[in-house]
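Written below as C-alpha cells is the structure these notes are about.
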4 protein chains.
Amino acid sequence: MMQAAVRIFAEKGYQAATVRDIVEAAGVAIGTFYFYFPDKETLFVHLYEETADFLLQTIGQSLNSRATMPKQYQTALNAYVNIAVYEPAIIQLLLIGGVGAVPALEEKRAAFRERLTQVWQRPLLQALDKNQIAAQNDRRTAEALTGAFDEVILNLLKQPDPGEDASNTVHDMTQFAIRATAYRGE
Amino acid sequence: MMQAAVRIFAEKGYQAATVRDIVEAAGVAIGTFYFYFPDKETLFVHLYEETADFLLQTIGQSLNSRATMPKQYQTALNAYVNIAVYEPAIIQLLLIGGVGAVPALEEKRAAFRERLTQVWQRPLLQALDKNQIAAQNDRRTAEALTGAFDEVILNLLKQPDPGEDASNTVHDMTQFAIRATAYRGE
Amino acid sequence: MMQAAVRIFAEKGYQAATVRDIVEAAGVAIGTFYFYFPDKETLFVHLYEETADFLLQTIGQSLNSRATMPKQYQTALNAYVNIAVYEPAIIQLLLIGGVGAVPALEEKRAAFRERLTQVWQRPLLQALDKNQIAAQNDRRTAEALTGAFDEVILNLLKQPDPGEDASNTVHDMTQFAIRATAYRGE
Amino acid sequence: MMQAAVRIFAEKGYQAATVRDIVEAAGVAIGTFYFYFPDKETLFVHLYEETADFLLQTIGQSLNSRATMPKQYQTALNAYVNIAVYEPAIIQLLLIGGVGAVPALEEKRAAFRERLTQVWQRPLLQALDKNQIAAQNDRRTAEALTGAFDEVILNLLKQPDPGEDASNTVHDMTQFAIRATAYRGE
DNA sequence: TATGAATGAGAATTCATTCAT
DNA sequence: TATGAATGAATTCTCATTCAT
C-alpha cells in the first residue's frame with residue numbers, strides 16, 4: 001500500500017490525492033488504510049521523509065569518494081538520474097508532491113531543500129579548500145546547482161523514454177557543474 | 001478581486017485556496033465571484049497565464065538589447081529579482097501555486113516552464129552564433145539555468161528581508177551564468 | 001431547524017442523533033446545517049444551555065412569590081408539568097438528551113443539575129428561616145426533591161395522555177414535598 | 001472480559017464505548033469478543049439486565065425483613081449506598097450508561113425503572129396496610145422516592161470521597177423517606 | 001478457542017457552485 | 001450588478017463486524 005501511496009502522491013500531489021485513490025490503487029478497502037496509518041497527513045510526511053532520506057543518502061554516498069570534483073558530481077548525478085529513470089515516483093514525490101500542502105509539510109519540504117543544497121555544496125567546499133575552483137559565493141552556487149539539476153531531471157522525465165537520454169543528461173550536467181564552478185583541475 | 005485572488009492563490013496554492021478566502025480578501029460576496037468568473041479553475045488558469053505572460057515579457061524585453069550576454073543576463077536577472085522582491089506573489093503563484101493542481105493547470109505549467117527555458121536560452125544562442133561561449137548542449141544549459149535562477153530566487157524570498165540581498169543575488173547569478181556557459185568575452 | 005434539532009436530540013440523545021436526522025426533520029440540506037451552525041456539538045451545547053436557562057427561569061420565577069412554601073412548590077411544579085406536557089422535547093432534551101455525551105456536555109449537564117437543585121432548595125431555605133419546617137439537611141432534601149420531581153415527570157410523560165393526569169401529578173408532588181420537608185404551616 | 005465491559009460501559013456510556021476499548025481493557029483480541037458475544041448491543045443488554053437483577057435483588061432482599069418501614073428503608077438504602085461506593089460502575093451503568101442508546105435498550109431501561117419503583121413501593125404498601133402512614137397516592141410516592149434516592153446517590157458519587165459521607169447519606173435519605181411518607185410509627 | 005488483519009457502511013464536515021431576490 | 005442562503009457531492013475518518021488462520 002505504501003508503494004501505491006507513493007505513486008498516487010507523486011502523480012497528484014498531497015492535496016489532490018484522496019485516500020480513496022490510494023486504497024483503490026492498492027486494491028484494499030478504506031478501513032485497511034486506517035488500520036495501518038493514523039491519517040493521510042502522517043503517511044505522507046512519513047513517506048516524504050523516508051524518500052528524502054533515501055535520496056540524500058544515495059547522493060551523499062556517491063559524493064563521499066576521494067575522487068576529484070568532476071568525478072564526484074558525475075557519480076552522484078548518475079545515481080540521481082538512475083533513481084529518476086527507474087523510480088520516477090520518488091523524484092516526483094519530492095520535487096512536486098509536497099508543494100502547497102499542509103504547513104507541517106511545507107516545513108519538511110524546506111528542510112529537504114536545505115539538506116539537498118548542502119549535499120551538493122560539499123564537493124564545492126572541498127574543491128575550494130584544494131584551490132581547484134575559483135573563489136565564489138559557494139552557498140549560492142550550491143543553490144543554483146541544486147535547482148539546475150532538478151530542472152534538468154524533471155525535463156528528462158517528461159521525455160517519452162527518459163532512460164535513453166540518461167547518460168547524456170549525466171554528462172551534460174556534469175559539464176555544466178564543472179563550468180559553473182570554474183573548475184580548473186589539479 | 002483579481003489582485004486578491006493572486007495573493008490568496010500565491011499564499012495557499014490552488015487547492016487550499018477557497019473561493020470564500022478570495023471573496024473575503026476582496027471584500028465582496030460569493031455571488032459576485034461567480035458573476036465575473038465562471039469558476040475557480042478558470043480564474044486560476046487565467047491568472048496563471050496572465051502572470052506568466054507578464055513575467056516572460058518582462059524578462060524577454062530585458063534580453064532584447066544588443067548588449068553582451070553577461071549584460072543581458074544581468075539586466076534580465078535584475079528584472080526577475082525585482083519582481084520577486086516587490087511582487088513576491090507573482091513568483092509564488094508561478095513557481096509554487098500551481099503545482100499538483102488540476103490537470104488543466106499542469107499543462108499550463110509545463111507550457112510556462114518551456115517558454116521560460118526558451119527565454120533564458122536566447123542569449124545562449126546569440127552567444128553561440130558569435131562564438132563567445134564554448135560549444136555545449138545549449139538546450140540543456142538553458143534548462144539548468146532556468147532551474148538555477150528559480151531556486152536561488154526562492155531561497156532569496158525565504159530570507160527575512162529579501163530586498164537587502166537582492167543586488168548581491170543578481171550579481172552572483174550573473175557570474176554563475178557566465179561561468180556555466182563558459183563565456184569568453186568578445 | 002433549531003426546533004427540529006431539539007426534537008431529534010430529545011428523541012435520540014446527542015450521540016445517536018445524526019446531523020442527517022436533523023436536516024431531514026427540518027427539510028433542508030446538510031450544507032444548510034453548517035451554514036448556520038459550526039458543528040453538531042456547538043449546536044447541542046447552545047440548545048442545551050438555552051433550554052436549561054428557560055426551564056430554570058420559568059421554575060425560578062414561579063418560586064419568587066411571597067407565598068407559603070406549599071404554594072410556591074405548587075405553582076412551580078405546575079409550571080414544570082405544563083412545560084413537560086406541552087413541550088415534552090424540552091424535558092427530554094434536558095433530562096435524557098445530554099447523558100453520556102462528550103465531556104463538554106457532561107459539564108453543562110452537571111451545571112444544570114446543580115442549578116436545578118439550588119432552585120428547588122430556595123423555598124426550603126426560606127421556610128427554615130421562618131421556622132416552618134423541621135430542622136434537616138436542606139441540601140440533601142433539595143437533591144432528593146429534584147430527583148423526585150424529575151422521576152415523576154418522566155413517568156408522567158410515559159403515559160398515553162400526560163395532559164390528563166397533569167393536575168393530579170402537580171397535586172401529588174406538592175403533597176410529597178410538603179410531607180418530605182415536614183412542613184408545619186405558619 | 002465482562003467486568004471490563006461493565007467498567008467501560010459505565011465510564012463512557014453505550015454509544016461512546018467501543019468494542020476496542022473493551023477488549024483492550026480486558027487484554028484480549030477483538031476476535032475473542034465476537035467469539036463470546038454476538039455483538040456489542042447484545043452484550044450491553046445482557047450486562048444491563050444482569051446488573052439490574054443484582055441491584056433489584058440486593059435491595060429487594062434488604063426489604064424482606066418483617067422490620068418497621070423505617071428500618072426497611074434504612075437497611076435497603078444502606079445496601080444501595082454500599083454498592084454505589086464499592087461498585088460505582090454498577091450504578092453508573094444502570095443510571096447513566098444506557099441512556100439515549102439503541103431502542104432495545106430504552107425498553108430494558110424502562111423495565112428496570114419500573115421494577116425499581118415497585119421495589120421501593122413495597123414497604124409503602126405494607127405500611128399502608130398496617131395504617132402506619134397517611135393515605136396517599138402510594139404509586140406516585142414510590143416514583144418520587146425512586147428518583148430521590150437515585151439523585152442523592154449520583155450526587156454522592158460526584159464527591160471526591162463518597163465513602164466518607166455514605167452513612168450520613170443513608171441516614172438523610174431514610175429520614176427523607178420517613179417524612180415523605182408521613183410515617184407515624186406503630 | 002483465540003487472533004487480528006481486513007472490510008465497508010456510515011458519520012461529520014468542507015466547499016464549489018447555483019439561483020431567487 | 002451584486003448578494004448570500006441553500007445545496008449536495010466529495011472527503012476524511014471511525015468502528016462494529018467478519019473470517020481465514
Side-chain angles (χ1 to χ4, degrees), chain A residues 1 8 12 14-24 26-44 102, chain B residues 1 5 8 12 14-24 26-44 101-102, chain C residues 1 8 12 14-24 26-44 102, chain D residues 1 5 8 12 14-24 26-44 101-102:
Chain A
M1 181 156 33
I8 299 293
K12 310 199 169 187
Y14 172 77
Q15 294 268 3
T18 70
V19 174
R20 187 166 295 274
D21 289 337
I22 294 170
V23 298
E24 273 172 8
V28 298
I30 283 218
T32 308
F33 179 94
Y34 288 95
F35 181 76
Y36 286 104
F37 314 111
D39 54 34
K40 183 180 153 186
E41 183 176 335
T42 302
L43 172 62
F44 187 83
V102 277
Chain B
M1 180 155 36
I8 299 292
K12 312 197 168 187
Y14 173 75
Q15 294 270 1
T18 70
V19 174
R20 187 165 295 273
D21 288 337
I22 294 169
V23 297
E24 274 173 8
V28 297
I30 283 215
T32 309
F33 179 94
Y34 286 93
F35 182 76
Y36 286 104
F37 314 111
D39 55 35
K40 181 181 157 187
E41 183 177 332
T42 303
L43 171 62
F44 186 83
V102 280
Chain C
M1 182 157 33
I8 299 291
K12 310 198 168 186
Y14 173 76
Q15 295 269 3
T18 71
V19 174
R20 189 165 294 275
D21 288 338
I22 294 169
V23 297
E24 274 171 8
V28 297
I30 282 219
T32 308
F33 180 95
Y34 288 94
F35 181 76
Y36 287 103
F37 314 111
D39 54 35
K40 182 181 153 187
E41 182 176 334
T42 303
L43 172 61
F44 187 82
V102 278
Chain D
M1 180 154 35
I8 299 292
K12 311 195 169 189
Y14 173 77
Q15 295 269 2
T18 70
V19 174
R20 187 165 296 274
D21 287 337
I22 294 168
V23 297
E24 274 172 9
V28 298
I30 283 214
T32 310
F33 179 94
Y34 285 93
F35 181 77
Y36 286 104
F37 314 110
D39 56 34
K40 181 181 157 186
E41 183 177 331
T42 303
L43 171 62
F44 187 83
V102 280

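In what follows, every chain begins at residue 1, and chains take the letters A, B, ... in the order their sequences are listed. Heavy-atom basis, side chains included; hydrogens, waters and symmetry copies ignored.
Here the shortest heavy-atom pairing between D21(D) and A16(D) reads OD2-O, 3.9 Å. The minimum heavy-atom distance between M1(B) and A26(B), with the atom names listed, is CA-CB, 3.8 Å. Between V23(B) and A29(B), the shortest heavy-atom distance links the atoms CG1-O, 3.8 Å.
Going from atom CZ of F44(B) over to atom C1' of dA16(E) covers 16 Å, rounded to whole Å. Between Q15(A) atom CD and dA16(E) atom C1' the separation is 15 Å, expressed in whole Å. Here the P atom of nucleotide dT3(E) and the CD1 atom of I22(D) are 16 Å apart, to the nearest Å. As rounded to whole Å, 15 Å separates atom P of dA16(F) from atom CZ of F37(D). Distance, E24(C) CD to dA11(E) P: 10 Å, rounded to whole Å. Note: CG (L43(C)) to C1' (dA12(E)) measures 14 Å, nearest angstrom. As rounded to whole Å, 13 Å separates atom C1' of dT14(F) from atom NZ of K12(D). In this structure, F33(B) atom CZ and dC15(E) atom P are separated by 14 Å, rounded to whole Å.
In this view, F33(D) and F37(D) satisfy the ring-ring contact (aromatic ring centres under 6.0 Å, His included) rule, not counting sequence neighbours.
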Which atoms of nucleotides 8-11 of chain F (N or O only) lie under 3.5 Å from a protein N or O atom, and what are those distances?
unit_1	atom_1	unit_2	atom_2	d
dG8(F)	N7	G31(C)	N	3.1

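Remark: the backbone N or O of Y14(A) is paired with a side-chain donor or acceptor of K40(A) at under 3.5 angstrom.
Not one side-chain nitrogen or oxygen of Y34(D) sits closer than 4.0 Å to the OP1 or OP2 atom of dT18(F).
Between T18(B) atom OG1 and I30(B) atom CD1 the span is 7.5 Å, to the nearest 0.5 Å. E41(D) contributes atom CD, which lies 10.5 Å from atom CG of L43(D) (distance to the nearest 0.5 angstrom).
Every stem involving DNA chain F, taken as at least 3 paired positions in a row under the Watson-Crick or G-U wobble test at 3.5 Å, is listed here: E:2-21 with F:2-21.
At a threshold of 4.5 Å between non-hydrogen side-chain atoms, the residues V19(C) and Y34(C) count as touching.
Of the candidate nucleotides dA2(F), dA2(E), dA5(F), dA2(E) has the atom lying nearest to any side-chain atom of F35(D).
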